[in-house]
Structure formats: C-alpha cells, structure tokens
Amino acid sequence: MSNANKRIPVTEERWKELNELKEAGETYDDLLAGLIQEHQRYELAERTREVRDADSEELTSLDEL
C-alpha cells in the first residue's frame, strides 16, 4: 500500500464534525478507518436482519404442524 497522502475536500461544517469525533492523539486516518469499520458492521447486521426476516416469513411454525 502506498504511503502517499491524499486530500479529501470537505466543507467547514463536516471538518468540525469530524474534529469532534476524533479523540486526542487519534489521526484522521484512524478516525476514518474506525468509521468505515463501523459502517461495514452496520451493513452486515442489516443483511443479517433481512435474511432472518425473509426466513421467518417463509418458515412454518412448529406449533402449526
């Protein structure tokens, strides 16, 4: 992986919001990595809920057998 720095344009408002999320000693790279990981976990949980809900609609309850 390249060590080249990239610039990401953000509004002043977004910059302030990111700065509020960032903890002392944490880099913006660390912050963004954590946000990406959190998003990926959320997406996985969403897909899991969708599969569970789809399965429950198609299954017959044991009480109904």
Side-chain angles (χ1 to χ4, degrees):
M1 184 165 148
S2 172
N3 286 333
N5 291 323
K6 304 289 182 188
R7 295 186 180 271
I8 303 171
V10 295
T11 63
E12 185 69 27
E13 178 182 358
R14 202 67 58 229
W15 178 260
K16 288 177 183 177
E17 290 172 333
L18 284 170
N19 197 47
E20 289 174 9
L21 291 174
K22 192 170 85 61
E23 297 182 14
E26 184 178 29
T27 65
Y28 283 100
D29 190 65
D30 293 339
L31 173 64
L32 291 170
L35 291 171
I36 290 167
Q37 184 178 40
E38 185 177 321
H39 176 73
Q40 290 171 335
R41 287 179 178 165
Y42 172 81
E43 289 291 315
L44 179 59
E46 273 299 303
R47 287 195 301 270
T48 302
R49 276 190 287 277
E50 289 171 6
V51 168
R52 183 191 63 220
D53 292 346
D55 283 348
S56 67
E57 291 173 7
E58 296 174 11
L59 297 176
T60 302
S61 169
L62 289 176
D63 294 334
E64 295 177 21
L65 296 178

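When reading the values below, keep in mind they use all heavy atoms of this one structure, side chains included, and skip hydrogens, waters and symmetry mates. Sequential numbering from 1 along the given sequence is applied to the chain's residues.
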Open item on the list: Within the supplied structure, the quantity of interest is the number of heavy atoms (other residues, nucleotides, ligands) at a distance under 6.0 Å from Glu38 CD; does it exceed 12?
Closed with: no

Open item on the list: Restricting to side chain to side chain donor-acceptor pair (under 3.5 Å), what partner residues turn up for Glu17, sequence neighbours left out?
Closed with: Arg14

- [ ] Mind checking the CG-NE2 spacing from Leu44 to His39? Nearest 0.5 Å is all I need.
- [x] 11.5 Å

TODO: State yes or no: do Ile8 and Leu31 share one hydrophobic cluster built from I, L, V, M, F, W and Y residues joined by side-chain heavy-atom distances below 4.5 Å, directly or via other members?
DONE: yes

Task: CG on Leu32 to NZ on Lys22, rounded to 0.5 Å - done: 11.0 Å

- [ ] Please name all residues satisfying side chain to side chain donor-acceptor pair (under 3.5 Å) with Asn19, sequence neighbours left out, ordered by chain then number.
- [x] Tyr28

Open item on the list: Strictly below 4.0 Å, N to O, side chains only: are Glu46 and Arg49 in salt-bridge contact?
Closed with: yes

